[in-house]
There are 2 protein chains.
Amino acid sequence: MLDSETKATETPEDHADELRLWLRLLTCTTLIEGEVRGRLRERFDVTLPRFDLMAQLDKAPDGMTLSDVSKRMMVSNGNVTGLVERLVESGHLDRRTSETDRRVQVIRLTKLGRAEFRRMASEHETWIADLFADLTPKDVRELMRLLAKTKASAQKSAARRRP
Amino acid sequence: MLDSETKATETPEDHADELRLWLRLLTCTTLIEGEVRGRLRERFDVTLPRFDLMAQLDKAPDGMTLSDVSKRMMVSNGNVTGLVERLVESGHLDRRTSETDRRVQVIRLTKLGRAEFRRMASEHETWIADLFADLTPKDVRELMRLLAKTKASAQKSAARRRP
DNA sequence: CCAAATTGTTTTAAGCCTAAAATGTTTTCC
DNA sequence: GGAAAACATTTTAGGCTTAAAACAATTTGG
């Protein structure tokens, strides 16, 4: 009796460590995100979601569909609709209906959009480097590895719930 | 010539690794946060910010001021005002003006609020455990350590900007 | 004591975000 | 071919979030 299997099913497990880990992960992200948001606003008067959307498009010279963007950014479709609307309005994005599938909207950075993004991205990269400055290259590698494992674990758990 | 010091100041540094690390950190957090948000809504029809606020208050039986809450949750003051308004409205929170300082609002969980939070928190803990299930205890310890280092580094960088 | 600075909160204006329902388009498959 | 399913996007309703300004109360320093 009281073998590990019995124990596992009958004793309420202690998950305090995982909870603390989650809170710490959230704290780090919130801290860095807030810092980046503030610097983007101060230096370039741009919001973080706008910057993130432009970053996605900068990596896709041939443009992306709204669905692609919403999957990559992990936000809802409706969210992207509004974000794109404002960025088209300000002249940073070009949007056109696909020739082959009239459901699909393809968006691209305009010349202005690309130029502004490149300017911001270069500075953004130095901010990130500064925020992580106390981590050694080994720390960075190790964090990358552990976060990859975390991501896989969370995706598996999400798939279990919603197969 | 071309000694490491010269190189460090004249060559544009490569910060691609830190950038990738930041994106991965953000992905993990977004993934888990979205999962938790969805489960809270499905199971308890409650939003994540409401849950987070109640979690803070559960740890403070004597109540907290709005400022305390906003610092702990790392959100703006105005944000807390609205959140608290809705939670008072729904009977989960009790709010009163401090006797000794009439600027200060002290909020507490009501009996209902505490009961509902405990019920949700217990299930929430198992979700988190499941989301991190593939991490070994050693992984968890190592992540805790590296994230602590990350937090300290980011705080230092933030303090450099805004002393 | 009292003006000035500080502190705690709310208000304002704008934008972000989600889930769910609605709309229009294409694909599937009988 | 045509109904049904699937897909891409938009709309809707409501809540979250921020920065900045406004307001109220307390503390500080002459």
Side-chain angles (χ1 to χ4, degrees), chain A residues 26 29-31 33-54 63-90 92-93 95-107 162, chain B residues 26 29-31 33-54 63-90 92-93 95-107 162:
Chain A
L26 191 55
T29 301
T30 305
L31 185 60
E33 199 170 1
E35 203 54 29
V36 171
R37 184 199 320 284
R39 297 188 198 204
L40 281 174
R41 181 178 40 72
E42 281 180 13
R43 282 285 291 134
F44 303 112
D45 193 32
V46 75
T47 67
L48 186 50
R50 273 166 152 93
F51 178 82
D52 285 345
L53 176 41
M54 291 171 83
M64 297 174 80
T65 70
L66 297 198
S67 288
D68 288 345
V69 170
S70 116
K71 278 189 200 81
R72 285 301 193 89
M73 293 182 72
M74 302 198 278
V75 300
S76 68
N77 284 345
N79 189 356
V80 174
T81 297
L83 216 40
V84 166
E85 227 159 52
R86 288 183 288 271
L87 277 165
V88 168
E89 173 65 27
S90 63
H92 294 85
L93 258 57
R95 149 200 241 151
R96 63 188 58 170
T97 302
S98 161
E99 308 262 323
T100 57
D101 186 339
R102 289 203 317 258
R103 288 172 303 183
V104 174
Q105 302 283 322
V106 178
I107 55 176
R162 190 181 6 75
Chain B
L26 191 55
T29 301
T30 305
L31 184 60
E33 199 170 359
E35 202 57 27
V36 171
R37 184 199 322 283
R39 295 186 201 205
L40 281 173
R41 182 179 39 72
E42 280 179 14
R43 281 286 290 132
F44 302 112
D45 193 31
V46 76
T47 66
L48 185 50
R50 274 167 152 90
F51 178 83
D52 286 343
L53 176 41
M54 292 170 83
M64 297 173 81
T65 70
L66 296 199
S67 288
D68 288 346
V69 171
S70 116
K71 277 188 201 83
R72 285 302 193 88
M73 293 181 73
M74 300 197 279
V75 300
S76 67
N77 284 344
N79 189 353
V80 173
T81 297
L83 217 38
V84 166
E85 229 160 49
R86 289 183 287 273
L87 278 165
V88 168
E89 173 65 28
S90 63
H92 294 84
L93 258 54
R95 148 200 240 150
R96 64 187 59 169
T97 302
S98 162
E99 309 261 322
T100 57
D101 185 339
R102 288 203 317 260
R103 288 171 303 183
V104 174
Q105 302 283 321
V106 178
I107 55 176
R162 193 179 9 72

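Computed from heavy atoms alone, side chains included, the values below leave out hydrogens, waters and symmetry copies. Numbered from 1 within each chain, the chains take letters A, B, ... in sequence-line order.
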What integer distance in Å separates A:F51:CZ from C:dC16:P?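 About 15 Å, once rounded to whole Å.
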Taking atom P of C:dC17 as reference, at what distance in whole Å does atom CG of A:L53 sit?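 My rounded result for the distance is 10 Å.
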Where each residue is assigned the nucleotide of DNA chain C containing its nearest heavy atom, which of B:G34 and A:R86 is assigned the position nearer the 5′ end?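 Here A:R86 is the residue nearer the 5' end.
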Assess, by modelled atom type and distance only, whether the side chains of A:S98 and A:T100 contain a donor and an acceptor separated by less than 3.5 Å.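 A:T100 and A:S98 do have a side-chain donor-acceptor pair below 3.5 Å.
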Under a 4.0 Å heavy-atom criterion, the protein footprint on nucleotides 2-13 of chain C, written with B, S and -, is -----BSBBB--
Can you tell me how far [atom2] of [Y] sits from [atom1] of [X], rounded to the nearest 0.5 angstrom?
| X | Y | atom1 | atom2 | answer |
| --- | --- | --- | --- | --- |
| B:T30 | A:M74 | OG1 | CE | 4.0 Å |
| B:T65 | B:R95 | OG1 | CZ | 11.5 Å |
| A:M73 | B:L26 | CE | CG | 9.5 Å |
| A:K71 | A:L66 | NZ | CG | 10.5 Å |
| A:S70 | A:N79 | OG | CG | 8.5 Å |
| A:R72 | A:L53 | CZ | CG | 12.5 Å |

Taking A:S90 for the side chain and A:L87 for the main chain, is one N or O donor matched with an acceptor at less than 3.5 Å?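 Flag set: sc A:S90 to bb A:L87 pair under 3.5 Å.
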Is the shortest side-chain N to carboxylate O distance from B:R162 to A:E35 below 4.0 Å?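 Answer for the salt bridge query: yes.
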DNA chain D: 5'-most and 3'-most nucleotides touching chain A, 4.0 angstrom heavy-atom criterion: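 Listing 5' to 3', DNA chain D meets chain A from D:dC7 to D:dA20.
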Taking OP1 and OP2 of C:dC16, is either one under 4.0 Å from a side-chain nitrogen or oxygen of A:R50?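 Looking at the OP1 and OP2 atoms of C:dC16, one of them is under 4.0 Å from a side-chain N or O of A:R50.
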Given C:dC16, is OP1 or OP2 found less than 4.0 Å from the side-chain N or O atoms of A:T47?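 It does, given that an N or O in the side chain of A:T47 lies less than 4.0 Å from OP1 or OP2 of C:dC16.
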Describe the nucleic acid contact of B:M73 in one word from base, sugar-phosphate, nothing, applying a heavy-atom distance below 4.0 Å.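 No contact at all - B:M73 keeps every heavy atom at 4.0 Å or more from the nucleic acid.
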Using a 4.0 Å heavy-atom cut-off across all strands, classify A:L83 as base, sugar-phosphate, or nothing.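 Touches sugar-phosphate only.
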Please list residues of residues 36-43 of chain A whose heavy atoms come under 4.0 Å from any atom in DNA chain D, ordered by number; otherwise none.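 Here the set is A:R41.
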Would you say that more than 12 heavy atoms from the other residues, nucleotides or ligands in this model lie under 6.0 Å from the CZ of B:R39, or not?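 Yes - once you tally the heavy atoms of other residues, nucleotides and ligands closer than 6.0 Å, there are more than 12.
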Answer yes or no: are there more than 12 heavy-atom neighbours, outside B:E99 itself, under 6.0 Å from its atom CD?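 For B:E99, atom CD is not crowded (no more than 12 foreign heavy atoms under 6.0 Å).
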